[in-house]
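Chain identifiers are assigned alphabetically (A, B, ...) following the order of the sequence lines, protein sequences preceding nucleic acid strands; residue numbering begins at 1 within each chain. Values in this document were obtained by computation on a predicted structure and should not be read as measured data.
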2 protein chains.
Amino acid sequence: MKNDNVVSGIPDIVIGRLPVYLRALTHLAESGKMNTSSHELGRRLGISSAQIRKDLSHFGEFGKQGTGYNISYLIDQLLQILKLDQEWPVAIVGAGFLGHALAHYQGFKHRGFVMRWVFDIDESKVGDEMDGMVVQHLSDLPLVAEREGIKMAIIAVPVNAAQNVADRLVACNINAILNYAPINLSVPPNVHIQYSDPVVQMQHMTYYLS
Amino acid sequence: MKNDNVVSGIPDIVIGRLPVYLRALTHLAESGKMNTSSHELGRRLGISSAQIRKDLSHFGEFGKQGTGYNISYLIDQLLQILKLDQEWPVAIVGAGFLGHALAHYQGFKHRGFVMRWVFDIDESKVGDEMDGMVVQHLSDLPLVAEREGIKMAIIAVPVNAAQNVADRLVACNINAILNYAPINLSVPPNVHIQYSDPVVQMQHMTYYLS
DNA sequence: TAGATTGTTAATCGATTAACAATC
DNA sequence: TAGATTGTTAATCGATTAACAATC
């Protein structure tokens with residue numbers, strides 16, 4: 001559940017906030033603003049200005065006293081820090097409703113990712129077209145992954161298949177996985193996982209409901 | 001970004017782990033196990049046994065020295081704590097690919113939720129059938145929300161519509177929102193929000209990629 | 001100049017872990 | 001009984017915040 005990266009020395013919780021800063025800065029830029037301050041950004045995100053300055057200070061000095069931050073410059077810096085100055089091709093595993101929604105989602109554009117491959121184990125789906133991709137059989141994953149150097153994948157399969165899929169991904173040297181199946185996966189320590197389970201998130205909120 | 005609930009006094013970070021414990025316990029139960037220990041559960045989840053015991057101790061004593069926890073009893077207790085001893089009907093806003101995937105998702109079953117309403121602003125979608133639900137116009141939300149007492153909703157609309165939808169939901173006294181749009185929403189302090197943005201999660205992982 | 005805001009230090013706050021008596 | 005494991009306390013660890021000199 002923890003994911004502190006000892007190598008970089010920067011707390012994982014800080015890394016996790018950078019994409020949120022980046023997203024807010026992009027919205028500010030789109031609204032035509034040129035500059036912002038840690039106070040303004042903090043107000044928008046509901047966090048303290050001190051935390052934003054402290055987080056950024058792990059990576060360098062990006063602001064100016066008196067005037068704050070130049071938005072497009074700070075965006076560029078965050079893109080570099082997060083290795084988003086390149087586009088990452090991603091494999092989707094699972095050609096069901098969720099896989100389809102992900103393949104069709106326009107929100108990856110200009111944010112560092114492009115869905116490039118779709119795999120499924122269901123023979124009847126293999127060969128189908130899905131948003132410009134052709135569904136490939138999961139047994140072709142090793143070949144394709146090696147040839148294309150796939151680094152990131154999204155698990156969008158039923159819960160009972162998820163661990164098996166994770167094992168296959170890991171075997172192909174894919175070491176960043178976004179998992180939508182409602183299960184805690186077991187993977188080697190060098191593999192990074194992010195979890196997204198709507199039920200877990202909804203259950204978190206019901207605690208506070210009357 | 002923070003969400004500490006001062007009323008209950010129990011740290012929000014603890015509440016957030018309970019659904020994960022619940023999920024793992026359910027898997028253990030399904031595999032036929034009757035009992036478990038904080039060590040076994042911790043090993044599965046990659047967290048310390050001490051943390052599990054400490055988290056649970058906020059709510060009572062659920063184990064037995066020497067033998068650990070009876071799984072089905074602990075599940076029942078967690079269900080009660082998280083107010084999941086009832087089924088929560090949920091409104092989906094947005095009848096696009098994501099809304100469709102959520103409406104069709106079987107994973108809500110037996111975990112406390114049932115998707116019961118779908119709203120959209122697109123006239124051409126209103127009236128369509130979606131997994132047993134009929135898409136209603138968003139302008140009907142106030143009426144339906146009051147009549148049915150809707151408490152929870154999922155935002156599955158494009159980013160530029162999300163804040164407006166959030167405002168409408170809040171105006172209808174819906175105070176638990178799962179937001180899939182890639183934007184930080186502004187809502188009153190009594191409204192609970194969970195965020196799910198695949199891009200933010202992917203960007204978190206790219207930091208660690210070579 | 002006066003006002004604003006940074007980056008950083010030290011203090012505070014809170015979360016995690018280690019240790020162990022109690023006891024099944 | 002011996003071994004295992006809980007619930008809890010105190011210690012440790014880490015994250016957040018307050019404060020402020022520097023300076024645009």
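A/Pro182 has its side chain within reach of B/Arg23: a pair of non-hydrogen atoms, C-beta onward, lies under 4.5 Å apart. Side-chain contact between A/Cys172 and A/Ile150 is absent, with no heavy atoms from C-beta onward closer than 4.5 Å. A/His39 has its side chain within reach of A/Arg53: a pair of non-hydrogen atoms, C-beta onward, lies under 4.5 Å apart. Within the 4.5 Å cutoff, no side-chain heavy atoms of B/His100 are placed close to those of A/His100.
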Represent DNA chain C in dot-bracket notation, 5' to 3'. Only Watson-Crick or G-U wobble pairs with both distances under 3.5 Å count; pseudoknot-style crossings use [ ] and interstrand partners use |. ..||||||||||||||||||||||
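Comparing D/dA15, C/dA19, D/dA19 by their closest approach to the side chain of B/Arg53 singles out C/dA19. Here C/dT5 is the nucleotide among C/dT17, D/dT17, C/dT5 with the atom lying nearest to any side-chain atom of A/Ser37. Nearest to the side-chain atoms of A/Ala50 among the listed nucleotides D/dA15, D/dT17, C/dT17 stands D/dT17.
Rounding to whole angstrom units, CG of residue B/Asn35 and C1' of D/dA4 are separated by 13 Å. At whole-Å resolution of the value, CD in A/Gln51 and P in D/dA15 are 10 Å apart. Here the P atom of nucleotide D/dT16 and the CG atom of A/Asp55 are 7 Å apart, to the nearest Å. D/dT6 atom C1' lies 16 Å from atom CD of B/Gln77, rounded to whole Å. Across the protein-nucleic acid pair, A/Arg43 atom CZ and C/dA4 atom C1' stand 13 Å apart, rounded to whole Å. Rounding to whole angstrom units, NE2 of residue A/His39 and P of D/dA19 are separated by 12 Å. Taking atom CD1 of B/Ile52 as the reference point, atom P of D/dT5 lies 13 Å away to the nearest angstrom. Atom CG in A/Asp12 sits roughly 12 Å away from atom P in D/dT16 (whole-Å rounding).
Under the 3.5 Å distance criterion, the side-chain polar atoms of B/Lys83 are matched with a main-chain donor or acceptor of A/Tyr207.
Under the side chain to side chain contact (heavy atoms under 4.5 Å, CB included) criterion, A/Asn173 pairs with no residue, sequence neighbours left out. Under the side chain to side chain contact (heavy atoms under 4.5 Å, CB included) criterion, B/Arg168 pairs with B/Ile121, B/Leu138, B/Leu141, B/Asn164, not counting sequence neighbours. Applying the side chain to side chain contact (heavy atoms under 4.5 Å, CB included) test to B/Ile52 and every residue at least two apart in sequence or in another chain returns B/Tyr21, B/Ser38, B/Leu41, B/Ile47, B/Leu56.
Every pair passing salt bridge (charged side-chain N to carboxylate O under 4.0 Å, His left out) that includes a residue from residues 55-68 of chain B is listed here, sequence neighbours excluded: B/Arg17-B/Asp55.
Backbone-only contact: B/Ser38 has heavy atoms under 4.0 Å from sugar-phosphate atoms and none from a base.
The stretch residues 56-75 of chain A touches DNA chain D through A/Lys64, A/Gln65, A/Gly66, each having a heavy atom within less than 4.0 Å of the strand.
Between B/Ser48 and C/dT17 there is a side-chain N or O to OP1 or OP2 distance below 4.0 Å.
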